[in-house]
Number of protein chains: 2
Amino acid sequence: MTKYTIRKTDINKALKQADIICKRNGLRLTKLRQDVLSLILKEGGYVKAYDLLDELKKIDPSAKPPTIYRTLDFLLEHGFIHKLQSLNAFIGCSHPQDHKECYFLICNNCQKIEECCSKKINNVIKNTTSKNNFVPDQAVLEIAGTCQQCLN
Amino acid sequence: MTKYTIRKTDINKALKQADIICKRNGLRLTKLRQDVLSLILKEGGYVKAYDLLDELKKIDPSAKPPTIYRTLDFLLEHGFIHKLQSLNAFIGCSHPQDHKECYFLICNNCQKIEECCSKKINNVIKNTTSKNNFVPDQAVLEIAGTCQQCLN
DNA sequence: TTAGTTATGTTATAATATAACATTTATTTA
DNA sequence: TAAATAAATGTTATATTATAACATAACTAA
Ligand SMILES: [Zn+2]
Ligand SMILES: [Zn+2]
Ligand SMILES: [Zn+2]
Ligand SMILES: [Zn+2]
């Protein structure tokens with residue numbers, strides 16, 4: 001299992017990486033998109049769309065719901081952030097590559113989120129669903145429980 | 001993998017089973033709760049809360065959002081239905097036992113949902129998260145893709 | 001009974017998300 | 001470059017999903 005945690009020092013790195021990926025793929029990482037991605041990454045944990053909107057308004061007072069949702073759509077589509085379906089919330093991705101194999105550990109106690117990747121889990125899902133003649137495209141796996149720190 | 005599909009002939013059986021489980025556990029399966037469960041089961045696939053409310057209003061015109069959400073909460077809590085987090089929708093459970101190990105196959109083409117259980121997937125999740133010192137409580141696993149019928 | 005609990009009724013509002021159309025900015029092509 | 005095209009953003013309005021808060025009713029237990 002690979003384990004990812006975004007540290008404050010990683011934010012600039014993540015932003016630069018996003019910039020590189022966008023340039024490589026002919027995507028426009030506009031100021032708005034950079035600002036929103038930056039706000040999400042700075043948050044550290046997960047963030048709700050309207051809280052994010054409030055933050056964005058401090059930079060751009062004219063921002064409105066479509067501003068944030070359109071930007072979130074772009075960032076989601078290109079893998080710079082993820083949506084946590086069980087929380088209706090968004091979280092930055094610290095390894096924005098083409099990966100559809102990540103899942104999330106959500107601590108019920110401290111609300112910390114851990115994004116993880118596991119080929120093993122992915123393989124089991126593929127094998128199990130294929131026995132059911134189902135061709136998976138995208139899996140949502142969100143595991144709520146208690147994290148290491150909260151166990152002590 | 002165990003595969004469950006609710007057939008129309010199963011609805012009465014499911015309702016009776018719910019009744020038995022409630023009696024066994026000192027729960028009150030009131031008329032409202034029966035009506036809502038019945039509407040969900042009749043739907044066959046997944047159902048949105050407000051569509052369900054519209055259906056319920058045909059039986060009880062005074063029904064309002066809290067009516068449906070409170071009833072859904074009861075049915076969810078006791079495992080008679082499940083929530084599909086990635087669709088903000090609800091679906092009946094055809095095997096309402098104490099099971100936290102089910103997951104869902106969602107066909108992007110025909111919208112059919114298949115509820116499945118797999119000890120194997122569950123074990124891999126447990127083993128993988130425990131290596132990360134995380135104690136899982138509840139896992140949301142929703143796999144979107146293409147079902148058997150839509151592949152042909 | 002009568003108190004306590006659980007369920008439902010009711011009003012209002014919070015929280016999440018999108019439709020539709022206008023304007024601006026960037027990119028392409030003539 | 002200039003015009004045409006496409007992509008992004010601005011703006012208003014509204015749709016969708018869900019809960020808070022408090023009143024009343026129905027069950028349960030003593
Ligand atoms: Zn990621
Ligand atoms: Zn924790
Ligand atoms: Zn089930
Ligand atoms: Zn299908």
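Within every chain, numbering begins at 1; the chains are lettered A, B, ... in the order of the sequence lines, protein sequences first and strands thereafter. Computed from a predicted model, the values in this text were never measured in an experiment.
Nearest heavy atoms, G92(A) versus I40(A): N-CG2, 3.5 Å. Shown here for A89(B) and Y46(B), the closest heavy-atom pair between the two residues is CB-CD1, 3.4 Å.
Within the structure, every side-chain polar atom (N or O) of T67(B) is placed at least 4.0 Å from both OP1 and OP2 of dT10(C). Side-chain N/O atoms of T30(A) include one lying less than 4.0 angstrom from OP1 or OP2 on dT9(D). For K48(A), a side-chain nitrogen or oxygen approaches OP1 or OP2 of dT16(C) to under 4.0 Å. Distances shorter than 4.0 Å separate some side-chain N or O of N88(A) from OP1 or OP2 on dA17(C).
R70(B) places its CZ atom 19 Å from the P atom of dT5(C), with the value rounded to the nearest Å. Y69(A) places its OH atom 20 Å from the P atom of dA13(D), with the value rounded to the nearest Å. We find that NZ of K64(A) is positioned 9 Å from C1' of dT12(D), with the value rounded to whole Å. One can place NZ of K83(B) at 12 Å from C1' of dT16(D), the figure rounded to the nearest angstrom. Rounded to whole Å, atom C1' of dT8(C) lies 14 Å from atom CG of D73(B). Rounded to an integer number of Å, the gap from L87(B) CG to dT16(C) C1' is 16 Å. Atom CZ in R33(B) sits roughly 15 Å away from atom P in dA26(D) (whole-Å rounding). Atom CG of L32(B) and atom C1' of dT6(C) are 13 Å apart (whole Å).
The closest donor-acceptor contact from the side chain of Q34(B) to the backbone of L15(B) lies at 3.5 Å or more, if one exists at all.
V140(A) and I143(B) are not part of a single hydrophobic cluster, where members link through side-chain heavy atoms under 4.5 Å apart.
For R28(B), whose side chain is taken as the heavy atoms from C-beta onward, the closest listed nucleotide among dA26(C), dT19(D), dC27(D) is dC27(D).
Look at Y50(A) and the base of dT16(C); the rings stack, centres closer than 5.5 Å and planes less than 30° apart.
When each of D51(A) and L27(B) is assigned the nucleotide of DNA chain C bearing its nearest heavy atom, the one mapping closer to the 5' terminus is L27(B).
Between L27(B) and H78(B) the shortest side-chain heavy-atom distance falls below 4.5 Å.
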